A.B. asks: 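One structure coming up, written as structure tokens, with questions to follow.
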Protein chains: 2
Amino acid sequence: MADDKVARRARGGTGRTRLAEVAQLAQVSTATVSRVFNTPTKVSAEVQARVREAAAALHWIPNAAGRALASRRSHIAGVIIPTLDNEIFARQVSGMQAIFAENGFTLLIGCSNYDPAEGLAQVQAMLAQGIEVLAMVGENYPPQTFDLLRQRSLPYVLTYGYRHDSPHPCIGFDNRAAFRQLADYVLSLGHRRIAAIFQPMDANDRVAARLDGLRDGLAAAGVTLRAADLHIGPSNMDFGAESLRRIMAGKTRPTAIICGNDNLALGAVGAALDLGIAIPHDLSITGFDDLAIVSRIAPRLTTMRVDNLEIGRLAGEMLIGAAGGRGMLHSIELRADLCMRATTSPPRSAARAPAAARDSDNANDHQARNQQPHAGIRPQRVQHDLQEDKKQRRTP
Amino acid sequence: MADDKVARRARGGTGRTRLAEVAQLAQVSTATVSRVFNTPTKVSAEVQARVREAAAALHWIPNAAGRALASRRSHIAGVIIPTLDNEIFARQVSGMQAIFAENGFTLLIGCSNYDPAEGLAQVQAMLAQGIEVLAMVGENYPPQTFDLLRQRSLPYVLTYGYRHDSPHPCIGFDNRAAFRQLADYVLSLGHRRIAAIFQPMDANDRVAARLDGLRDGLAAAGVTLRAADLHIGPSNMDFGAESLRRIMAGKTRPTAIICGNDNLALGAVGAALDLGIAIPHDLSITGFDDLAIVSRIAPRLTTMRVDNLEIGRLAGEMLIGAAGGRGMLHSIELRADLCMRATTSPPRSAARAPAAARDSDNANDHQARNQQPHAGIRPQRVQHDLQEDKKQRRTP
DNA sequence: CTGAAAGCGCTTACAG
DNA sequence: CTGAAAGCGCTTACAG
């Protein structure tokens with residue numbers, strides 16, 4: 001902090017070669033150089049060649065700040081995720097990054113660490129950097145966040161979660177419906193005493209929706225989730241294990257445990273095995289996410305899968321379109337697929353599961369697919385235009 | 001592409017509020033507004049308050065492009081990793097991002113997908129965006145990449161891998177030494193017939209170094225790795241499993257398999273268990289990385305751990321320093337810790353392992369630590385100044 | 001198809 | 001401590 005009063009404003013700025021030098025070497029105006037790289041159709045082939053040669057010779061890389069200032073386009077996109085320490089979010093970013101890179105956009109990444117305020121701070125920093133578009137996981141951000149975005153009419157999309165009645169364009173799946181499906185499946189196996197291990201719901205709309213879906217399903221079958229059977233804590237294997245031990249230490253044990261995600265389920269399965277509890281015969285356990293590992297270690301976990309790479313790609317494509325003035329923002333609902341594997345079965349005590357009472361064909365369908373996971377099935381998309389007013393159809 | 005010839009150059013530019021408007025409202029010059037936010041000590045408290053109030057009232061967010069252009073500082077950092085679909089790189093980015101955010105930097109992220117050319121392309125895009133500093137995983141990039149960086153004297157650091165004689169500042173661990181250690185450990189258990197499953201080495205200096213380290217160790221013990229016992233393929237569980245089956249189908253089975261990373265090892269362990277091979281008694285298997293999962297599922301994997309979060313943080317801190325003109329780039333060597341767990345033991349056939357022949361205290365040390373992994377042990381750092389000439393000591 | 005010139009929104013040496 | 005003004009490196013409406 002002491003000695004950086006070196007005379008910074010040296011003649012010539014950064015020292016990097018500038019467009020003007022390329023122009024000079026190519027013997028054209030700066031406007032022409034700019035056109036060669038931005039609207040090449042407006043420049044004769046001859047001049048173009050000369051300019052490109054000069055640019056190459058000088059190793060010119062355009063200065064994005066100058067470009068952004070003059071064109072009001074930064075070619076920067078932003079993405080906010082809770083954390084990179086989670087395969088599912090990392091995959092989303094991965095898919096998005098690829099699409100953005102293909103389209104000449106660079107990607108700023110910010111992590112909220114599940115803290116809405118941190119999320120807002122990241123959004124502000126990104127706005128200052130001049131992002132053109134923004135993707136953010138979930139909708140748990142201070143309201144001010146969306147005011148900022150609207151105020152600048154900055155195209156944004158929320159990912160991962162999807163709610164029919166969300167005021168925002170979102171690309172993801174319906175957490176509530178997914179857990180309803182999971183609950184229905186477990187009930188269809190014949191389970192009636194069911195416990196749950198969930199991650200914290202505060203500042204996480206998705207988890208709350210999952211629990212709602214679970215309760216919907218149970219309620220429809222006349223089953224209630226007792227308070228003592230709902231364990232909420234850190235989203236990791238250790239808490240899953242700890243919760244399982246506590247649950248199984250109770251007097252009346254459940255025959256199934258529905259976990260809020262795969263990490264919790266993985267911990268629960270491990271702890272159960274350690275206790276000598278047979279999975280799935282003594283106890284069924286389900287997860288959510290279909291992390292890469294869970295279908296590859298024994299016992300293979302019953303869970304639900306969402307294509308996060310695809311979510312990232314779809315978000316990237318939609319935002320690229322929006323940035324170009326083409327295309328409009330809309331919501332896309334992806335399906336969460338039930339993956340029936342080795343950690344669920346009818347309860348040992350139960351008679352044959354009352355499968356007839358439920359439509360199990362859907363589950364069979366999923367099971368069949370499970371055999372060859374990449375059989376070219378694309379996620380089902382349900383589209384809802386949020387900006388019907390814009391009516392920018394290609395074909396009029 | 002058709003209809004975006006709307007008259008873009010509307011008077012007033014972006015529509016965002018500008019610094020000049022803040023100045024007007026606060027009744028000061030633009031210079032003063034700028035100073036309030038950049039060098040507040042130069043402005044009286046009274047004026048400062050007025051300016052801040054005006055800025056808040058107008059919801060002014062400074063335009064980074066204008067700022068960057070005028071100041072020649074973008075406050076953007078870049079990081080290049082092979083892929084986000086890998087816990088270890090995601091963690092590095094995570095640690096780095098936190099440090100950069102704390103220091104007012106935003107982070108551009110690029111993935112090379114293990115392709116040097118893609119890495120270079122990302123670097124170029126980032127240079128265009130005006131990154132001030134850059135972190136990149138490994139050193140497999142076209143030479144031109146480093147020319148570009150040097151040409152602009154852009155501070156950069158290579159992460160994950162560390163080589164004593166690298167021409168670049170790097171923060172990481174010595175892959176060769178780590179695998180030498182691993183080999184020594186396995187040999188110390190008494191194994192003499194050892195196979196290996198590795199990821200591809202092309203365009204991946206780190207993997208090549210690992211194999212070298214393994215060979216060093218084996219050679220020192222007079223053991224050779226037969227060509228038929230070295231399986232190289234995709235870095236995933238499936239290849240690990242497939243390789244294991246092929247290895248164990250041979251006439252003379254090895255008693256230990258050293259894998260290039262945890263994913264391969266996880267696949268091998270699973271396949272071995274499926275074949276009814278007792279781990280570790282019939283076969284010892286080792287991994288590398290200590291992914292979160294491997295110490296939490298049975299059988300707990302013997303592997304080596306490197307603190308990737310810390311690598312990210314250290315890289316972030318060093319680069320922030322370099323960007324500020326303070327501090328210089330240097331290399332930091334972190335230690336890779338051997339985690340002795342349940343997938344290794346002396347071979348069943350062997351007499352007591354010839355432990356006396358090797359220094360096993362080191363291993364014991366690690367085993368003890370293993371019990372409480374977070375016992376506050378900081379990575380050992382070995383520092384090498386690469387830019388001795390700069391001699392910017394604080395205390396002269 | 002090409003050029004001269006204004007302007008994007010900031011910062012900062014210079015002068016007071 | 002404060003202001004007037006030049007300038008950072010581009011793009012683009014305008015004129016030809």
Side-chain angles (χ1 to χ4, degrees), chain A residues 4-24 26-51 55 58 60-75 127-130 152, chain B residues 4-24 26-51 55 58 60-75 127-130 152:
Chain A
D4 48 355
K5 68 153 162 241
V6 189
R8 281 279 227 71
R9 191 61 157 279
R11 257 304 89 236
T14 47
R16 290 169 51 174
T17 71
R18 290 160 303 155
L19 177 147
E21 297 167 47
V22 175
Q24 194 174 17
Q27 313 232 55
V28 295
S29 70
T30 57
T32 296
V33 176
S34 176
R35 287 193 196 100
V36 167
F37 294 96
N38 293 312
T39 50
T41 55
K42 294 184 177 171
V43 182
S44 72
E46 190 181 30
V47 172
Q48 248 187 77
R50 204 152 23 106
V51 169
L58 296 175
W60 177 63
I61 294 184
N63 178 312
R67 185 150 106 111
L69 199 52
S71 69
R72 276 72 121 226
R73 295 210 50 179
S74 64
H75 294 276
L127 289 175
Q129 293 292 357
R152 292 153 203 278
Chain B
D4 49 357
K5 67 152 162 240
V6 190
R8 283 282 227 70
R9 192 61 158 280
R11 244 341 54 244
T14 46
R16 289 170 51 175
T17 69
R18 289 161 303 156
L19 177 147
E21 299 168 44
V22 175
Q24 195 176 15
Q27 314 232 53
V28 296
S29 70
T30 56
T32 296
V33 175
S34 176
R35 287 191 196 104
V36 167
F37 295 97
N38 294 311
T39 48
T41 55
K42 293 183 179 171
V43 182
S44 72
E46 191 180 29
V47 172
Q48 248 187 78
R50 214 165 359 121
V51 169
L58 296 176
W60 175 63
I61 294 185
N63 178 312
R67 185 150 106 112
L69 199 53
S71 68
R72 275 74 119 226
R73 294 210 50 179
S74 65
H75 294 278
L127 289 175
Q129 292 292 357
R152 295 153 200 278

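Note that the coordinates shown come from a computational prediction; the quantities given were computed from them, not determined experimentally. Residue numbering restarts at 1 for every chain, and letters A, B, ... go by the order of the sequence lines.
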A.B. asks: Not counting sequence neighbours, which residues clear side chain to side chain donor-acceptor pair (under 3.5 Å) with T32(B)? List them please.
C.D. replies: S29(B)
A.B. asks: Between V51(B) and F37(B), is there a side-chain heavy-atom distance shorter than 4.5 Å?
C.D. replies: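 Yes, their side chains come closer than 4.5 Å.
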A.B. asks: What is the distance, rounded to the nearest whole Å, between atom CZ of R73(A) and atom P of dG9(C)?
C.D. replies: 16 Å
A.B. asks: What is the distance, rounded to the nearest whole Å, between atom CG of N38(B) and atom P of dT12(C)?
C.D. replies: 7 Å
A.B. asks: Rounded to whole angstroms, how far apart are CZ on R67(B) and C1' on dT12(C)?
C.D. replies: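 Going from R67(B) (CZ) to dT12(C) (C1'), I get 14 Å.
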A.B. asks: Take atom CD of E21(A) and atom C1' of dG9(D), then tell me their distance rounded to the nearest Å.
C.D. replies: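 Answer to the nearest Å: 11 Å.
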A.B. asks: Taking CZ from R72(A) and P from dG9(D), how many angstroms apart are they, rounded to a whole number?
C.D. replies: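 Interatomic distance, CZ of R72(A) to P of dG9(D): 19 Å.
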A.B. asks: So, S74(A) side chain and G130(A) main chain: donor-acceptor pair closer than 3.5 Å or not?
C.D. replies: yes
A.B. asks: Does a side-chain heavy-atom distance below 4.5 Å link R67(B) with R73(B)?
C.D. replies: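 No, side chains not in contact.
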A.B. asks: Expressed as a whole number of angstroms, how long is the span from L127(B):CG to dG9(D):P?
C.D. replies: 16 Å
A.B. asks: Between dG7(C) atom P and L69(B) atom CG, what is the distance in whole Å?
C.D. replies: 17 Å
A.B. asks: dG7(C), dC10(C), dT12(D): which one has an atom nearest the side-chain heavy atoms of A70(A)?
C.D. replies: dG7(C)
A.B. asks: Can you name the side chain to side chain contact (heavy atoms under 4.5 Å, CB included) partners of Q24(A), sequence neighbours left out?
C.D. replies: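 Result, side chain to side chain contact (heavy atoms under 4.5 Å, CB included) vs Q24(A): none returned.
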A.B. asks: Polar pairs (N or O, both sides) under 3.5 Å between protein and nucleotides 1-5 of chain D?
C.D. replies:
from   : atom 1 : to     : atom 2 : distance (Å)
dT2(D) : OP1    : S44(B) : OG     : 3.0
dT2(D) : OP2    : S44(B) : N      : 2.9
dT2(D) : OP2    : S44(B) : OG     : 3.4
dG3(D) : OP2    : S29(B) : N      : 3.1
dG3(D) : OP2    : S29(B) : OG     : 3.2
dG3(D) : OP2    : T32(B) : OG1    : 2.6
dG3(D) : N7     : R35(B) : NH1    : 3.3
dG3(D) : N7     : R35(B) : NH2    : 3.3
dG3(D) : O6     : R35(B) : NH2    : 2.3

A.B. asks: Not counting sequence neighbours, which residues clear side chain to side chain donor-acceptor pair (under 3.5 Å) with S44(B)? List them please.
C.D. replies: none
A.B. asks: Reckon S71(B) has a side-chain N or O less than 4.0 Å from the OP1 or OP2 of dT11(C)?
C.D. replies: no
A.B. asks: Compare side-chain N and O positions of N63(A) against OP1 and OP2 of dC10(D) and report whether any pair is under 4.0 Å apart.
C.D. replies: no
A.B. asks: Anything below 3.5 Å on both distances counts as a pair; with that, list the stems of at least three consecutive Watson-Crick or G-U pairs involving DNA chain C.
C.D. replies: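 Stem list for DNA chain C: C:1-3 with D:14-16, C:5-12 with D:5-12, C:14-16 with D:1-3.
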A.B. asks: Please report, rounded to the nearest Å, how far the C1' atom of dG9(C) is from the CG atom of L58(B).
C.D. replies: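 That distance rounds to 15 Å.
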A.B. asks: Output all residues satisfying side chain to side chain contact (heavy atoms under 4.5 Å, CB included) with T41(A), sequence neighbours left out; order by chain, then residue number.
C.D. replies: none
A.B. asks: Answer whether the closest heavy-atom distance between the side chains of R18(B) and N63(B) falls below 4.5 Å.
C.D. replies: no
A.B. asks: Answer whether the closest heavy-atom distance between the side chains of Q48(A) and R35(A) falls below 4.5 Å.
C.D. replies: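 Answer no - side chains too far apart.
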